[in-house]
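Labels below follow one simple rule: chain letters A, B, ... track the order of the sequence lines, proteins then strands, and each chain is numbered from 1.
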There are 2 protein chains.
Amino acid sequence: MQQYLTQFSHILLFEHIPQADLLRSLNCLNAQVIHFEKGNIILHQGEPARFIGIILDGSVNIISSDISGNHTLVTHLQHGNLFAETFACAELDSIPASVIAAEDSVIMLLEYKRVITGCRNGCMAHSLLVTNLMRSIARKNLRLSQKLSILSRRSTRSKLIAYLSTEKQKSGTSRFMIPYDRQELADFLCVERSAMSAELSKMKKEGIISFRKNEFELLAVHQDDGCAPPSV
Amino acid sequence: MQQYLTQFSHILLFEHIPQADLLRSLNCLNAQVIHFEKGNIILHQGEPARFIGIILDGSVNIISSDISGNHTLVTHLQHGNLFAETFACAELDSIPASVIAAEDSVIMLLEYKRVITGCRNGCMAHSLLVTNLMRSIARKNLRLSQKLSILSRRSTRSKLIAYLSTEKQKSGTSRFMIPYDRQELADFLCVERSAMSAELSKMKKEGIISFRKNEFELLAVHQDDGCAPPSV
DNA sequence: TCCGCTTTGTTGGAAAACCAACGTATTTAT
DNA sequence: ATAAATACGTTGGTTTTCCAACAAAGCGGA
């Protein structure tokens, strides 16, 4: 376990936990560190959600298969990230996807039941772990909601405005950089790149926005043509 | 506090917690029960996220205001629901929306810090509360992800197929009822009602689905034309 | 500098979604 | 039972998006 101490410092789940406490706590949680070769299955779709996974090294793919046998890559996660934590915390009888090592990887598995059951040693680290876990899930929740509010717009233009507004708000300044190139932005907004590019030009011509490369400026905001509030 | 015992039984956050324990625990958490008149502000946008709210009676609106002063109704929540739990668990410095009583309401506020700090009495209820909270957030997370995977489809048809597939999977049977009328379904999918209706007819004619009122049957599933995996 | 490669913007035709308006069926109220 | 209201399907014209193909601009290496 000692040998992974350097990795631990990059893992948000372990934030604010002193190393000594962390080691004691992981021991108390009976954390397992396992090496998986590329292509090996870490968690099988359909099994009960027991574990929270932490990628200490390597990366994994989350793959969901439907009844007809179609596989879809849900996402790819790099080292430092958690996986299946949502499934475990939701206490699902059956996880809706498999987790597969995308390359040779080192994975730590924590048993959810142990995480949430306060340990008799009353270790502080344990309770911090739960708080960190909760924060991580809650923040993911906020990101999902935000993206949802963008994708619920009907037109390319209003998706762009919704996205740029949130970026502007995040940055605090009127001019800001976005972390995507045009293709990535189009993918993020789920629209077609060239159509989006055309729309951007049109908006620039109309004086709504200005941009150069990845630096944008949102000049005027408008009445929204959004759809009904997300009733999830 | 006693007087609200009947309401408590409908609140998922309190699931599996015996009443006696619950009362003791709420006391130990210093839970406040407050009456708000219609229109009064329960939580102000911009304030630090300290509280988890529980609607014991009445209902609330979540309203977000942007810099230009546009207000948008994010959602409406009925009694029995939680609110602001995501903000609190995400430990935001500043909550991104206000919570306003939509009618005369009875609200319970729990201080997040107290909830996550194990109490010295070591009460079992306390730890159950945390588990329940976590489960609730994680499940919301799953719902959001699922909706996101539907809205990231580009065409009305593939949104319909994505939605009907998940409903089919949920129900377990090939024929299933959906909880929306046509207008609500269109709103949920963020498409136009009449266009959706037309698409449904077309799909029926092609033999992909059949339906009568709210009872649907998904006959064949197809290659997906989905977009890139959600990189949230 | 020149050449190739990638990214971004532009354009035109095809397809899809939007929108309003209307006809029909079903439900609710009187 | 009748009338009114609501929900659903259909249609035609308009707008937007998609798609493929190409042009222009930016970038890196030889």
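A salt bridge links B:Glu217 to B:Arg175: one of the charged nitrogens lies within less than 4.0 Å of a carboxylate oxygen. With salt bridges taken as basic N to acidic carboxylate O contacts below 4.0 Å, one links B:Arg157 and B:Glu206. Residues A:Glu91 and B:Arg135 are paired through a salt bridge, judged by an N-O separation under 4.0 Å between the basic side chain and the carboxylate. Of the charged side-chain nitrogens involved, none lies within less than 4.0 Å of a carboxylate oxygen, so that B:Arg212 and B:Glu215 do not count as a salt-bridged pair.
A donor-acceptor pair under 3.5 Å links the side-chain atoms of B:Ser171 to the main chain of B:Thr173, judged by distance alone. With hydrogens and angles disregarded, a donor-acceptor distance shorter than 3.5 Å links the side chain of B:Asp181 to the backbone of B:Gln183.
Between B:Asn214 atom CG and C:dA25 atom P there is a gap of 19 Å when expressed in whole angstrom units. Protein atom OH of A:Tyr180 is 14 Å distant from nucleotide atom P of C:dT8, rounded to whole Å. Look at CG on A:Asp187: it is 12 Å from P on D:dC18, rounded to the nearest Å. Regarding B:Glu215, its CD atom lies at a distance of 18 Å from the C1' atom of D:dA7, rounded to whole Å.
Using bins of under 30°, 30° to 60° and over 60° for the plane-to-plane angle, the ring pair B:Phe8/B:Phe14 lands in the perpendicular bin.
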Summary of protein contacts for nucleotides 9-24 of chain C, nucleotide by nucleotide, where a base hit scores B, a sugar-phosphate-only hit scores S (4.0 Å, heavy atoms)
BB------SSBB----
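The line from CG of B:Asn141 to OG1 of B:Thr86 is 9.0 Å long, rounded to the nearest 0.5 Å.
Cation-pi geometry between B:Lys147 and B:Phe188 is met: the NZ or CZ atom falls under 6.0 Å from the ring centre, inside 45° of the normal. Taking the centre and axis of the six-membered ring of B:Phe211, the NZ or CZ atom of B:Lys204 falls inside the cone set by 45° and 6.0 Å.
When the C1' atoms of four end pairs are superposed on the next four at each end of the helix from C:dT1-D:dA30 to C:dT30-D:dA1, using five pairs per end, the two resulting axes differ in direction by 40°, to 10°.
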Can you give me the N/O atom pairs linking the protein to nucleotides 25-27 of chain D at distances under 3.5 Å, or say none if there are none?
none

